[in-house]
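Here the structure comes first, spelled out in structure tokens, and everything after it is commentary.
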Amino acid sequence: MKIERYDLIVIGAGPAGLSAAIEAAKQGMKPIVFDENAKPGGQLFKQIHKFFGSKEHKAKIRGFRIGEELLQEAEQYGVKVVLNATVIGLYPEKEITVKIGEEVKHYKGDSILVATGASENMVTFKGWTLPGVIGAGAAQTMMNLHHIKAGDRVLMLGSGNVGLVVSFQLMQAGCEVVALVDAAPRVGGYGVHAAKVARLGVPFYLSHTIVEAEGEDHVTGVTIGEVGPDWNIIPGSEKHFDVDTICLAVGLSPMSQLLKQAGVEMKDTPGGYVPVCDDFGATSVPGIFAAGDVSGIEEASSAMIEGRLAGARIAEYMGYMTEEKRLLRAEELEAALSSLRQGMFAPENRGKLVEKTEEGIPVSMNLLQKGYIAEDEIERYPGVTHTVGVHPVMECTQNIPCNPCQDACSKGCISIGENITSLPVVVAEAKCVGCGMCVASCSGQAIFLVDEESEPGYGTVTLPYEFLPLPKEGDKGVALGRDGQPVCEAEVVGVRSAKAFDHTNLLTIKVPSDMTMKARFFKRETA
């Protein structure tokens, strides 16, 4: 039996696997990457939203663009990627078996990196096996990869970042999201993601869960109910929705089976069954490494850095890199990774209620419970100010690692400072020229340009807009508030699209002056 040998075998062509292969290839190694899918890139090609972080984290770049860049880099450094290749066995001697088509092949690696990612969790309830009950990731795949509408009327279960982001993308695809439901008492994901869903009129039902999916041969409706302190449904609290699709965004589980098979020491954690490994991905079996979600669920930005760290460590292990050079590279990468793990959503804060920002400002309880910031809360944040003429209003109210807005403003109107998780501050002495780059660069769509009195009795609000068809100048309709309810009549007085905006259009609407700090979305009149 012929066994092909490589100095590095990578299992998984997602963000972590490709990043590790590229890092190792830069040092002269010849890695081969296996992936069971027809396309490389993993979850990146489903992610049409802009990333958070800073420049080194690919901030304000859409996920699929980052995937394209990774593939180009992999090709540049000669990384061999084999697709439609399912690794069905991994053994302590660093040998793998791979099913490619109808054939099973054997490969031997001097080092192996497992970057198999994670799978979607499911929850069971009456009717959960009906067609129409799908994972949020599956809905994302349908929409963003295969251009198939996931449903017409959708209920989303789960208020973490996946549930919030996919809810927004469902609406971008033309679906109606009738409700966003979570058994937890607070929104689990970034407040800016929740806010952009809430202002489209989606109601949040926290402390609720699904009682039953209804229908004979497919989903036709769903009943939810409020959960009490004992996590049981409170009788009489049930609510019904007519839907054809139920999306589940209830977490991910690391796909760590191959590592267990190889005899790697494993551990049970709140985030799943994961390998015991050091900061550079080395497991208990010499020469076998892990990176990305398989070793603990995080964002794709973190997975890419973890992959780079593992790739450098593997290059040192194999003699392609000196320890000194690797440590210098690790120092640079660890600084980038550390900054992503700061702020309110740092690993040590998972599941905790953070009541104040790093600046000592009370967190919006309304945002956590209903998805939007209340009128009596918004003025407490440093990004929300009043001045004559056009000025930025930044409704970024949580300490999230993100700073593209600071770099986007050439006039210095926005300051975050050296701490990437600090809340953005309006620089009083700087003069805004209304270019809109801050609005377009905000990954959370939380920045607006406001002119509180552009003419007697009226002002303008420039807001991010990523829906089709794009309104035209002169279109009339209603402005929606942060809660998604109409606040006043509005007229489109400007529409800007530019390559630099990367498909975030800028819509300027005219509203009464006293509505400029309330109007946050535009809904066109329908005939």
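Hydrogens, waters and symmetry mates are skipped; everything else that's a heavy atom, side chains included, is used. The chain is numbered in sequence order, starting from 1.
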side-chain contact (heavy atoms from CB on, under 4.5 Å) evaluation trace for D483 with K370: CA-CA 8 Å; D483 60 356; K370 297 181 180 178; over 6 Å; no
Ring pair (Phe, Tyr, Trp, His ring centres under 6.0 Å) assessment of Y465 paired with F522: CA-CA 9 Å; Y465 197 89; F522 174 77; 7.5 Å; no
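Looking only at distances, no side-chain donor or acceptor of K39 sits under 3.5 Å from a matching main-chain atom of L83. No donor-acceptor pair closer than 3.5 Å links the side chain of N403 to the backbone N or O of Q406. In terms of modelled atom types and a separation under 3.5 Å, the side chain of R496 and the main chain of F501 share no donor-acceptor contact. The backbone N or O of I509 sits nowhere less than 3.5 Å from a side-chain atom of T460 that would complete a donor-acceptor pair.
In the model, E466 has no side-chain atom that pairs as donor or acceptor with a side-chain atom of N505 under 3.5 Å. Looking only at atom types and distance, the side chain of Q445 has no donor-acceptor partner in the side chain of H193 under 3.5 Å away.
Atom NZ of K523 and atom CZ of F467 lie 12.0 Å apart (nearest 0.5 Å). Between the CE atom in M344 and the OG1 atom in T357 there is a gap of 5.0 Å [rounded to 0.5 Å].
Seen from the ring of F168, K196 counts as a face-on cation partner, given the 6.0 Å and 45° thresholds. For the pair R520 and F448, the cation-pi criterion (under 6.0 Å, within 45° of the ring axis) is fulfilled.
Taking the six-membered ring for Trp and the full ring otherwise, Y372 and F204 have centroids separated by 6.0 Å or more.
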Return a table of donor-acceptor pairs under 3.5 angstrom between the side chains of residues 16-24 and protein atoms on other chains or two or more places apart.
unit_1, atom_1, unit_2, atom_2, d
S19, OG, P15, O, 2.6
E23, OE1, R329, NH2, 3.1
E23, OE2, R329, NE, 2.7

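Between E298 and R341, at least one side-chain nitrogen of the basic residue sits less than 4.0 Å from a carboxylate oxygen of the acidic one, meeting the salt-bridge criterion.
Atom NZ of K149 has more than 12 neighbouring heavy atoms from other residues, nucleotides or ligands inside a 6.0 Å radius.
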